[in-house]
Amino acid sequence: MSVRTPRLPRPRHAGRAFGAAAFTAVAALAAATLLPTSQAGAAGTTLRSLAEAKGIYFGTAITQSDLNNSALTAIAGSQFGMLTPGNEMKWDTTEPSRGSFNFAPADRIVSFAQANSMRLRGHTLVWHNQLPSWVSGLPAAQVKAAMENHITTEATHYKGKLYAWDVVNEPFNEDGSFRADAFYNAMGSGFVADALRTARAADPNVKLYLNDYNIEGLNPKSDAMYNLVKSLKSQGVPLDGVGFQAHFIAGQLPSTFKANLQRFTALGVNVAITELDDRVQLPATTASLAQQASDYAGVVNTCLAVTGCVGITQWGVGDADSWIPGTFPGYGAATMYDANYRPKPAYTSSATALGAGTGPSPSPTPTAPGGASCKVTGAVNAWNTGLTEDLTLTNTGPSTINGWSLAFTLPAGQTVTGSWNASLTPTTGQIAATSLSYNGTLAPGASASFGFQATHTGNTSLPTVFSLNGTPCATA
Ligand code: XIL
C-alpha cells in the first residue's frame, strides 16, 4: 500500500512582523504534531491534512459529553488537527468556588486531543460569562488577586500542553467601549495587560490571544480591538494573536473581513478564526446550504490569503452538537456536518478551498478503465409529494476508480432538494452525481452509497440508465 507522507506546513509566519525564532518554534511545533504516517495516508483528503499542507490548521470544539458520541469523536479525531474544549476550561468549571480547582473535565478533552495528535486551544481564562458568582460578588479590591491566581493556577496546570490560550474573551461592547464586567470595574482596561502578563509568567511558550465576536469586519468594535492591540504591543505586553470568533449568519460574511485581518497582522500579531459557524434559518434549504458552502469557502480563502492567519476552528463538529439552535431560536444547521454527521456542501467547499483534488493524490479525474465496469442498485422511499432515493455504485471492473461522476436522468416532475455522500447538479432532468473528497476512490469490488431527497408530482420511479463517464452501468 502506498502511503502519502504529509508535507510540512508552508511557513506563513515569516516576514517583517515575525522574527526567525518565532518561525522556528512554530514550524517545530507543527512538525511535531503532524499525523502519524500510517494515519496520514488514509486521511489524504481530510480537512486536517489539506489545511496542514497549506500551512494552517483546521480545528473543532468538543465538550465532555461529546466524548461519548462515537460518530462525533471519529470525525473530530480524523478531520481536525486542533481542539478547543467547548466549556471545560471556563472559570465556572475550573474554579467553581474560590481556591478550589477542578481540571478533570478539561483533562479528559486534553487526553482525547493527545491521543489523536491534535493541538489544543485553551478557552478561556478571563470572561464575563460562565463566571461563578463568587467572582462577580467580590469587593473590587480583591478581584485582581483572584484573577491572577486563577490564571496562574490554570495556565500552570496546562503549561506546555497547549498551542494557544484565549486569555481574555469578549472584552468589548458593540460600540467599542469596554464591557463593564467584574474585571473592568475593578481594574479598568489595565486588566487585559495584567491578565496577559500573568499568563505569560505561567507558561512561557503558549501563544496568548484576545478573542471576541463581531470583530470580523471593519466596525467600531473591531476598531476598539485594533487600538487595544496596538497599545499593548507598544507597551511590550505579551500578546501573540487575536481570535475572531466568526459566528456568522449565512450570506452575511463582512466584505471587509480580509482587510480587517490584515490590519491586525500588520501590528505584528497572528490572527485565527476561533469559533466558526454559519447559521441558517430553519428548516435549511438547498439554497441556504449552498450559501453556507460559499461562506465557508470564503472563510478558508480569507485565512489562506492573509499571511499570519494561523488556522480556523469550527465551533462544534456537527449540527447535532452545535450551540446555535439553543442560543438563536429558529436558526441552526450552522456547521459542515448534518445532524447525522454526514458532510454537507460546506464540507466540500471548505475542502475544495483547501485544495482538495488539486494535489498529486488522489487524482481528481474520473476514470473507469475496462469499459462497462460499474453496477448501480437503488431504492425509493416515497410519500405524497416527496421521496428519498438511496443508490449504491459498485466498481465491477479490474481497476481502481479515482473519483466518479454518475450521470442519470430524473423522471419528469422530480426535483432534487438535498443529497448526501455525493454532489448533485442540476436539480432536475439530466443529473450528474459526483463523488465527494472521501468516497471517490473505489477499489475493484468496492461500493459507494449516496442518495438524495426530491419533490415529485406523481412519478416516483427510479432513473433507468446510469452511466459512468459515458459508459452505462449494469442495474440489478
Ligand atoms: C458556548 C458553548 O458552546 C455553550 O455550550 C455554552 O452553553 C455557552 O458558551 N463565544 C464563546 C464560547 O467564546 O465560549 C461560547 O460557547 C460561544 C460564544
Side-chain angles (χ1 to χ4, degrees), residues 59-69 72-73 76 80 82-96 105-106 108-110 112-113 120-133 135-136 150-151 154 158 162-174 178-179 181-184 192 195 199 207-216 221-222 224-225 241-249 252 271-279 299 311-329 331-337 339:
T60 189
I62 68 170
T63 60
Q64 191 181 193
S65 61
D66 292 338
L67 291 172
N68 303 321
N69 181 334
L72 185 158
T73 53
F80 297 98
M82 180 75 74
L83 193 62
T84 306
N87 287 314
E88 292 69 10
M89 289 186 176
K90 293 172 182 174
W91 200 317
D92 59 353
T93 299
T94 53
E95 195 186 3
R108 286 185 201 111
I109 294 179
V110 169
F112 174 84
L120 280 148
R121 180 172 198 94
H123 177 79
T124 174
L125 293 168
V126 180
W127 187 29
H128 72 99
N129 255 337
Q130 293 175 275
L131 182 69
S133 54
V135 182
S136 32
H150 181 77
I151 294 172
E154 183 160 2
Y158 291 111
L162 307 185
Y163 165 78
W165 259 120
D166 289 329
V167 177
V168 176
N169 196 30
E170 304 181 354
F172 290 113
N173 294 313
E174 297 305 287
F178 270 95
R179 192 186 287 276
D181 61 14
F183 310 104
Y184 180 79
V192 177
K207 305 271 173 221
L208 303 179
Y209 274 70
L210 305 177
N211 193 52
D212 215 325
Y213 63 94
N214 286 352
I215 59 165
E216 295 78 18
K221 194 174 182 179
S222 67
M225 183 64 94
V242 176
F244 299 76
Q245 292 186 10
H247 294 295
F248 289 127
I249 298 173
Q252 297 184 26
V271 295
I273 311 305
T274 51
E275 305 182 13
L276 175 62
D277 45 34
D278 193 42
R279 58 189 183 268
V299 173
I312 301 167
T313 294
Q314 174 176 270
W315 202 245
V317 174
D319 293 346
D321 60 277
S322 162
W323 73 307
I324 292 292
T327 307
F328 300 94
Y331 285 87
T335 76
M336 293 180 286
Y337 287 91

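FYI, side chains are in, hydrogens and waters are out, and symmetry mates aren't considered; it's all heavy atoms of this structure. Read the numbers this way: they start at 1 and go in the same order the structure lists the ligands and their atoms.
Considering Lys221, Glu170, Glu174 as possible partners of Asn214, the one that fulfils the side-chain hydrogen bond (donor to acceptor under 3.5 Å, both in side chains) test is Glu174. Across Tyr158, Trp315, Tyr163, a single residue satisfies ring pair (Phe, Tyr, Trp, His ring centres under 6.0 Å) together with His123, and that is Trp315.
Residue nearest to atom 15 (C) of ligand 1, selected from Gln130, Lys90, His247, Gln245: Lys90 (by heavy-atom distance). Here the shortest heavy-atom distance to atom 5 (O) of ligand 1, taken over Asn87, Thr84, Thr63, belongs to Asn87.
Regarding atom 3 (O) of ligand 1, its nearest protein heavy-atom neighbour is Trp315 NE1, 2.9 Å. Scanning all protein heavy atoms for the shortest distance to atom 10 (N) of ligand 1 gives Glu275 OE1, 2.9 Å.
Of the heavy atoms in Thr327, none comes closer than 4.0 Å to ligand 1.
Those atoms of ligand 1 with a heavy atom of Glu170 less than 4.0 angstrom away are 10 (N), 11 (C), 13 (O).
At least one heavy atom of Trp127 sits less than 4.0 Å from an atom of ligand 1.
Using modelled atom types, one finds a donor on one side chain and an acceptor on the other under 3.5 Å when comparing Thr63 with Asp66. Side chains of Asp277 and Trp323: a donor on one and an acceptor on the other come within 3.5 Å.
Using modelled atom types, no side-chain atom of Ser222 and backbone atom of Glu216 make a donor-acceptor pair closer than 3.5 Å.
The distance criterion of under 3.5 Å between nitrogen or oxygen atoms is met by His123 with respect to ligand 1.
Using a 30° and 60° split on the angle between ring planes, Phe172 and Phe178 fall in the tilted class, from 30° to 60°.
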